[in-house]
There are 2 protein chains.
Amino acid sequence: MFALVNTRPAHAPGILGRLTAHHASFISSEFHYRKGTEIYGENEPAEYVYQVVSGAVRSYKLLSDGRRQIGAFHLVGDIFGLENDETHRFTAEAIVDTNVRLTKRVCLERVARVDPAIAHNLLIMTNSNLRHAEDHMLLLGRKTALERVAAFLLEMDRRLTGVDVVALPMCRRDIADYLGLTLETVSRALSKLHAFGALNFLGSNQREIMLVDRDQIARLNA
Amino acid sequence: MFALVNTRPAHAPGILGRLTAHHASFISSEFHYRKGTEIYGENEPAEYVYQVVSGAVRSYKLLSDGRRQIGAFHLVGDIFGLENDETHRFTAEAIVDTNVRLTKRVCLERVARVDPAIAHNLLIMTNSNLRHAEDHMLLLGRKTALERVAAFLLEMDRRLTGVDVVALPMCRRDIADYLGLTLETVSRALSKLHAFGALNFLGSNQREIMLVDRDQIARLNA
DNA sequence: CGACGGGTTGATTGTCCTCAAAGCCTGTGG
DNA sequence: CCACAGGCTTTGAGGACAATCAACCCGTCG
């Protein structure tokens with residue numbers, strides 16, 4: 001069983017890591033998903049709960065005509081697919097080659113019923129997802145394109161533990177669908193931040209970004 | 001103590017209503033807020049949890065320059081201010097003259113620690129808030145103005161138990177700040193729906209809306 | 001090589017925002 | 001009782017920001 005509290009880096013076990021031993025029902029296995037493959041689909045029965053071991057995952061909803069809203073990116077250490085519900089409310093896909101650990105949801109719930117500490121951790125995690133969604137509503141409803149991209153960079157800077165440089169696993173279209181923009185607008189905003197001297201591009205594919213002036217970016221984030 | 005499960009109408013107690021007697025710590029009192037007054041502010045210590053007895057409440061976040069995003073409307077029967085957290089993440093204001101019941105958060109948490117049923121209900125409620133926020137992210141990130149207003153009408157139609165006619169407690173600006181639009185755009189969308197023959201206005205202030213063609217409105221909702 | 005995916009940049013369009021004016025209703029005070 | 005102010009809503013005109021459409025560049029891989 002993986003640590004219930006969503007900690008990062010992944011090798012730092014949550015406070016429940018040590019409980020594994022005496023919860024026999026917590027059988028967890030590991031699984032690999034190739035870049036671009038679906039892990040589960042919206043409205044499918046929620047059979048498992050997942051934790052990212054390596055790689056990255058996007059969770060999204062689709063409108064009937066294909067418009068997509070990514071609700072969250074799941075990075076190394078993140079737990080996802082925990083719906084407290086019979087069915088998944090998002091589709092989850094591997095953004096890059098990804099390894100996940102998984103546990104049967106019903107096992108988790110069975111243990112939670114007898115172990116208040118685990119039950120409490122489920123609440124903590126759901127609450128943490130709620131807080132993220134609330135903040136994201138503000139971003140999607142009221143921030144400008146530049147503010148959204150700045151907020152995105154700061155979020156990734158915080159969550160990706162890279163030294164100095166943010167190595168984004170996702171393409172511009174994913175970022176756009178996360179921020180409620182188009183990929184062109186994201187690209188333009190990044191170019192503008194580059195022109196401002198707030199960041200530099202490193203890799204050949206422009207996905208490695210060095211945040212030169214975090215304060216400036218933070219000021220842009222309303 | 002009010003029912004923990006968020007039921008409506010308010011006089012239908014949740015499954016925990018009967019537990020009141022033997023949880024002495026569940027002291028709840030009632031309070032009145034005049035139209036427009038603040039119930040609690042963002043980042044204030046979360047001392048109480050609230051339930052709307054009559055009236056309506058808006059929960060919102062502000063950006064530094066005054067842009068506002070309303071995260072939710074709380075209608076009769078709704079429980080709000082339950083943050084599972086030390087501080088409130090929204091500001092809550094009475095939209096109209098409003099009566100609320102309130103309970104000390106710490107009491108709730110104390111009871112939840114010993115009563116798994118109550119703890120489970122906290123999770124259910126948090127999860128329900130999360131689902132709403134997730135759906136709202138899709139609306140804010142990817143829907144057009146007309147689709148947003150259609151979705152809003154359907155939500156209010158579902159949640160307000162009025163017979164046939166939706167009696168909105170909030171002004172156009174509140175609707176706009178909920179939908180990530182301006183009040184003029186909301187007004188224009190409603191006029192367009194009226195022109196389509198999808199709805200009719202009843203009251204003198206245009207807040208009573210009869211949904212004539214729910215199917216048409218539902219089709220607009222992507 | 002050539003196709004493809006991903007990214008940037010430019011030109012144009014369109015949706016929604018901004019600014020403005022007017023109507024309606026309510027409440028208040030002369 | 002009427003005058004008038006203020007809040008709320010609608011509607012119009014113009015503008016701005018992001019979307020759309022399109023071209024091009026670059027790296028990778030068959």
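All values below were derived from every heavy atom in this structure, side-chain atoms included, with hydrogens, water molecules and symmetry-related copies excluded. Predicted, not measured: the structure shown is a model, and the values here were computed from it. In what follows, chains are A, B, ... by sequence order, proteins preceding strands, each numbered from 1.
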Between the protein and nucleotides 24-30 of chain D, which nitrogen or oxygen pairs are less than 3.5 angstrom apart?
none

Next item on the list: Taking only Lys NZ, Arg NE, NH1 and NH2, and the carboxylate oxygens of Asp or Glu, determine whether B:E47 and B:R105 approach each other closer than 4.0 Å.
Entry: no

Checklist line | Carboxylate-amine/guanidinium contact B:R58 B:D177, below 4.0 Å | finding: no

Checklist line | Minimum heavy-atom distance A:R142-B:L63, with the two atoms named | finding: O-CD1, 4.1 Å

Note to self: Looking at B:R68, I want to see if its CZ is surrounded by more than 12 non-hydrogen atoms of other residues, nucleotides or ligands under 6.0 Å.
What the structure shows: yes

Item checked: Set of residues satisfying ring-ring contact (aromatic ring centres under 6.0 Å, His included) with respect to B:F90, sequence neighbours excluded ->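 Once residues adjacent in sequence are excluded, B:F90 has no partner under the ring-ring contact (aromatic ring centres under 6.0 Å, His included) criterion.
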
Please report the distance, rounded to the nearest Å, between [atom1] in [X] and [atom2] in [N].
X      : N     : atom1 : atom2 : result
B:I175 : D:dT9 : CD1   : P     : 7 Å
B:K35  : D:dG7 : NZ    : P     : 10 Å
B:D174 : D:dG7 : CG    : C1'   : 13 Å

Next item on the list: Please round to the nearest 0.5 Å and tell me the distance separating atom OG of A:S191 and atom CG of A:L199.
Entry: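 Answer rounded to 0.5 Å: 9.0 Å.
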
Next item on the list: First locate atom CD of A:E93, then atom OG1 of A:T37, and finally report the distance between them rounded to the nearest 0.5 Å.
Entry: 7.5 Å

Next item on the list: Go along nucleotides 7-18 of chain C 5' to 3' and tag each nucleotide: B for a protein heavy atom under 4.0 Å from its base, S when only backbone or sugar atoms are that close, - otherwise.
Entry: SBBBB----SSB

Item checked: Donor-acceptor side-chain pairing of B:H88 and B:E44 below 3.5 angstrom ->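 There is no such pair between these side chains.
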
